[in-house]
Amino acid sequence: MKKDFFDKVYSIVKKIPKGKVTTYGHIAEVCGIKSSARTVGWALNLAKNSNLPCHRVVNRFGELTGKIHFGDINLMEDLLKSDGIEFDDNGKVNLEKHLWIPKNSKVHKKINNDKLSKKKLHP
DNA sequence: TAATTGACCGCAC
DNA sequence: TGTGCGGCCAATT
């Protein structure tokens, strides 16, 4: 059982400040497995049993993809709202306002917010 | 034991 | 320009 990066994921998720959210990709990158963002989801999957704020972890699109496994969908959204997270008309999180990046490791790369806007998740 | 899945992301064609 | 595919780690069946 290595779950070495698992521990990192937990630490990072735990460090997520209130009113902020992060994405799998960023966590994965900080953990050193940016190519394996899926594994981060697995970590959270096991973490959902812990006190980790999984609801603050969303995908790059700001969608609450993990709400399904989180348990109560409404609860997850409610928790985020309680933290002050704002949702758009699509029920997604405003990454522009609440996107938080873990500064544990060296941040050699910039966030591609442009791509997010470029993709423009059509409704 | 081995193969497949799983809350994803980035790149290639 | 849009679509599809591969990759990574671990747990599960």
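Small disclaimer: the values here were computed from a predicted structure and weren't measured. Chain naming here is simple, since letters A, B, ... match the order of the sequence lines and numbering starts at 1 in each.
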Can you confirm whether [X] sits close enough to [Y] that some side-chain heavy atom of one is under 4.5 Å from a side-chain heavy atom of the other?
{"X": "Val93(A)", "Y": "Phe87(A)", "result": "yes"}
{"X": "Glu63(A)", "Y": "Val58(A)", "result": "no"}
{"X": "Glu86(A)", "Y": "His98(A)", "result": "yes"}

Between [X] ([atom1]) and [N] ([atom2]), how many Å, whole number?
{"X": "His69(A)", "N": "dC8(B)", "atom1": "NE2", "atom2": "P", "answer": "8 Å"}
{"X": "Arg60(A)", "N": "dC8(B)", "atom1": "CZ", "atom2": "P", "answer": "12 Å"}
{"X": "Leu95(A)", "N": "dC9(B)", "atom1": "CG", "atom2": "P", "answer": "10 Å"}
{"X": "Phe61(A)", "N": "dC9(B)", "atom1": "CZ", "atom2": "P", "answer": "7 Å"}
{"X": "Glu29(A)", "N": "dC11(B)", "atom1": "CD", "atom2": "P", "answer": "11 Å"}
{"X": "His26(A)", "N": "dA7(B)", "atom1": "NE2", "atom2": "C1'", "answer": "17 Å"}
{"X": "Phe6(A)", "N": "dC9(C)", "atom1": "CZ", "atom2": "P", "answer": "11 Å"}
{"X": "Leu46(A)", "N": "dA11(C)", "atom1": "CG", "atom2": "C1'", "answer": "7 Å"}

Side chain of [X] - closest among [options]:
{"X": "Leu44(A)", "options": "dA7(B), dA10(C), dC8(B)", "value": "dA7(B)"}
{"X": "Asn45(A)", "options": "dC8(B), dA7(B), dA11(C)", "value": "dA7(B)"}
{"X": "Arg38(A)", "options": "dG7(C), dC9(B), dA7(B)", "value": "dG7(C)"}

Would Lys48(A) count as a cation-pi partner of Phe70(A), with NZ or CZ less than 6.0 Å from the six-membered ring centre and within 45° of the ring normal?
->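 Here Lys48(A) fails the 6.0 Å and 45° test against Phe70(A).
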Do Thr39(A) side-chain and dC9(C) base share a donor-acceptor contact under 3.5 Å?
->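 Donor-acceptor pair under 3.5 Å: yes.
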N/O donor-acceptor pair under 3.5 Å between Asp88(A) side chain and Asn90(A) backbone =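 Indeed, once roles are kept as given, a pair shorter than 3.5 Å links the two residues.
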When you compare dT4(B) with dG6(C), how far apart are their P atoms, in angstrom units rounded to a whole number?
->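 The same atom, P, in both gives a distance of 14 Å.
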Scan [X] against the nucleic acid and name what it touches under 4.0 Å (heavy atoms): base, sugar-phosphate only, or nothing.
{"X": "Asn59(A)", "value": "sugar-phosphate"}
{"X": "Lys67(A)", "value": "nothing"}
{"X": "Ile68(A)", "value": "nothing"}

